[in-house]
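A short worksheet on the structure shown next.
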2 protein chains.
Amino acid sequence: METIGSEQRDLLRTTSSEGCGVERTLKVLDGKWTTLIVRELLSGPKRFGDLRTALGSPSAKTLTDRLRALEHQRILTRTVYAEVPPRVVYRLTEEGESLSDVLYAMLRWGEEHPLTDD
Amino acid sequence: METIGSEQRDLLRTTSSEGCGVERTLKVLDGKWTTLIVRELLSGPKRFGDLRTALGSPSAKTLTDRLRALEHQRILTRTVYAEVPPRVVYRLTEEGESLSDVLYAMLRWGEEHPLTDD
DNA sequence: TTATATAGTTTCCGTATGGAAACCATTGGC
DNA sequence: GCCAATGGTTTCCATACGGAAACTATATAA
């Protein structure tokens with residue numbers, strides 16, 4: 001029983017190493033917290049502080065770096081509300097939302113293959 | 001139009017940050033070349049040298065490290081043929097093959113979202 | 001007047017990652 | 001007797017990554 005159809009296999013086979021779609025996705029999801037940030041935002045927009053808490057407190061610097069990178073790649077938007085203290089909300093763009101297919105595939109694989117040792 | 005069904009969204013929402021399936025998958029696919037190695041092997045078993053060429057010549061040390069890690073996690077098997085010069089073949093296990101769902105999702109996303117600048 | 005909350009920024013630093021280069025083992029072929 | 005080919009291993013090193021701590025801005029509340 002195949003886990004992959006011939007159509008999919010062909011796509012994977014014929015794509016060159018350079019500029020392959022897989023590499024493009026890897027580039028976007030690069031960095032220690034990046035993928036998890038997207039996962040958090042898939043359940044709705046979140047504030048900076050909420051993200052930090054949900055992720056288990058990465059350093060402010062690191063979280064800022066990742067958010068800025070994702071913003072630059074148009075995966076999410078950053079909205080500052082002119083209040084005091086400031087409120088900043090991050091929300092996925094349509095492009096960011098579309099990463100849910102990748103995230104969900106990861107989620108399923110991870111749950112179907114619990115780690116044996118390690 | 002939603003890109004994710006309510007069933008999927010619920011799964012992503014209710015999973016805690018620790019031990020989430022996404023994190024498990026990230027752990028397996030960790031490292032610079034890891035995901036690309038799996039992509040290469042999805043089109044069939046490959047020798048060490050073939051992998052190096054296909055990937056664009058990562059250092060031997062790095063490739064060895066990644067292959068050993070994937071072997072340890074039972075994503076692939078390493079078969080040594082007692083010939084001279086030696087021939088070593090790497091092939092995905094069933095578990096490794098099942099990563100095709102993740103890889104294919106990445107491939108599609110990457111192809112549907114070519115980079116604008118960067 | 002001072003404290004407080006949020007969302008940073010900046011500086012500094014330790015570690016991990018990955019690459020380059022040199023070296024090794026084996027044996028069939030010249 | 002020596003070289004080539006394969007698939008490594010070992011050592012060394014530069015950089016990138018990410019964390020900790022200290023600092024900042026602002027307006028409201030006490």
Is there side-chain contact between Val22(A) and Leu26(A), with heavy atoms separated by less than 4.5 Å? yes
Under 3.5 Å between N/O atoms: give me all the protein pairs with nucleotides 5-9 of chain C, atom names plus distance.
unit_1, atom_1, unit_2, atom_2, d
dT6(C), O3', Arg47(A), NH2, 3.1
dT6(C), O3', Pro86(A), O, 2.8
dA7(C), OP1, Arg47(A), NE, 3.0
dA7(C), OP1, Arg47(A), NH2, 2.9
dA7(C), OP1, Val88(A), N, 3.3
dA7(C), OP2, Gly49(A), N, 3.3
dG8(C), OP1, Arg78(A), NE, 3.3
dG8(C), OP1, Arg78(A), NH2, 2.4
dG8(C), OP2, Tyr90(A), OH, 2.7
dT9(C), OP1, Arg68(A), NH2, 3.1

Keeping the roles fixed (side chain from Gln73(A), backbone from Ala69(A)), state whether a donor-acceptor pair exists under 3.5 Å. yes
Determine whether a donor-acceptor pair (N or O, by modelled atom type, separation under 3.5 Å) exists between the side chain of Thr25(A) and the backbone of Gly21(A). yes
Sidechain-backbone polar pair: Arg74(A) side chain, Thr93(A) backbone, donor-acceptor under 3.5 Å: no
Separation of atom NZ in Lys46(B) from atom P in dT6(D), rounded to whole Å: 17 Å
Could you state the CG-P distance from Leu63(A) to dG19(D), rounded to the nearest angstrom? 10 Å
Could you tell me if the side chain of Glu94(A) sits less than 4.5 Å from the side chain of Glu97(A), heavy atoms only? no
Just N and O in the side chain of Ser59(A): are any of them under 4.0 Å from OP1 or OP2 of dA20(D)? no
Distance-only donor-acceptor pairs under 3.5 Å for side chains of residues 48-58 of chain A, two or more places apart:
unit_1, atom_1, unit_2, atom_2, d
Arg52(A), NE, Pro58(A), O, 2.9
Arg52(A), NH2, Pro58(A), O, 3.0
Thr53(A), OG1, Gly49(A), O, 3.1

Between P on dT26(D) and CD on Glu83(A), what's the gap in Å once rounded to a whole number? 16 Å
Atom OH of Tyr81(B) and atom P of dA25(C): how far apart are they, to the nearest Å? 25 Å
